[in-house]
Each structure stands twice: as C-alpha cells, then as structure tokens.
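Computed from a predicted structure; not experimentally measured. Values below: all heavy atoms of this structure, side chains included; hydrogens, waters and symmetry mates excluded.
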Amino acid sequence: MELPSFLAVLAIAAGTFWFEAPGLIRRKHTRELVVFILFLLIATTLYCMLTLKVILPNPFALIKLIYGWIEA
C-alpha cells in the first residue's frame with residue numbers, strides 16, 4: 001500500500017515546483033531557484049523514503065558527532 005502514498009508525494013512535489021518555479025524564473029532569481037530545487041529534492045527524497053518505510057538514521061547522532069567535543 002505504499003505506492004499510492006509515494007505517488008502522492010511525487011505529485012505534491014511536482015505541483016509545488018509547477019506553482020513556484022515559473023515566478024522565480026520570470027524574476028530571474030536563479031540562486032533562489034537552485035536552493036528551492038535543492039530543498040525540494042531533499043524533502044521529497046526523505047519523505048518518499050519514509051512512505052516506503054525505509055529506516056532512516058537519527059539526525060541527532062550526526063549533531064552529537066559534530067558538537068560532541070563541546071562540553072557544557
């Protein structure tokens with residue numbers, strides 16, 4: 001039953017791109033368009049992985065690794 005959810009996520013991402021991108025292109029906001037596409041791809045990928053029930057690592061582990069050397 002994951003396929004309808006997966007397709008819904010892709011449809012919403014495509015709709016969001018279709019709604020937002022033409023305005024950014026028209027106003028020649030290329031940097032904002034690149035950042036928008038990057039974040040949209042990251043969010044879509046992560047949410048599709050969640051809908052397909054892929055086990056994702058805890059993001060706190062990365063934060064702990066980066067800032068673990070700082071002692072309060």
Side-chain angles (χ1 to χ4, degrees):
M1 257 342 245
E2 295 97 16
L3 186 62
S5 299
F6 180 77
L7 293 177
V9 169
L10 290 180
I12 290 171
T16 303
F17 180 80
W18 178 74
F19 184 73
E20 292 291 333
L24 292 172
I25 294 169
R26 195 175 324 111
R27 291 188 302 265
K28 297 185 184 352
H29 291 180
T30 54
R31 281 187 239 156
E32 287 86 352
L33 180 64
V34 169
V35 171
F36 170 71
I37 291 171
L38 179 72
F39 282 142
L40 184 63
L41 284 174
I42 291 170
T44 304
T45 303
L46 287 173
Y47 203 78
C48 284
M49 290 172 69
L50 282 174
T51 59
L52 294 175
K53 295 185 172 77
V54 175
I55 298 173
L56 299 173
N58 186 355
F60 185 69
L62 178 64
I63 295 171
K64 187 177 173 184
L65 178 70
I66 293 172
Y67 294 108
W69 60 274
I70 300 174
E71 293 187 25

With hydrophobic residues grouped by side-chain heavy-atom distances under 4.5 Å, do [X] and [Y] end up in a single group?
| X | Y | result |
| --- | --- | --- |
| Val54 | Phe6 | yes |
| Phe19 | Tyr47 | no |
| Ile42 | Leu52 | yes |
| Ile12 | Leu10 | no |
| Leu50 | Phe60 | no |

**Request:** Calculate, to the nearest 0.5 Å, the distance between atoms CD1 and CG belonging to Ile66 and Leu62 respectively.
**Result:**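 Here the rounded value is 4.0 Å.
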**Prompt:** Which hydrophobic side chains are connected to Leu40, either touching it within the sub-4.5 Å cutoff or through other members that do?
**Reply:**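 ILVMFWY cluster around Leu40 also holds Phe17, Leu24, Ile25, Leu33, Phe36, Ile37, Leu41.
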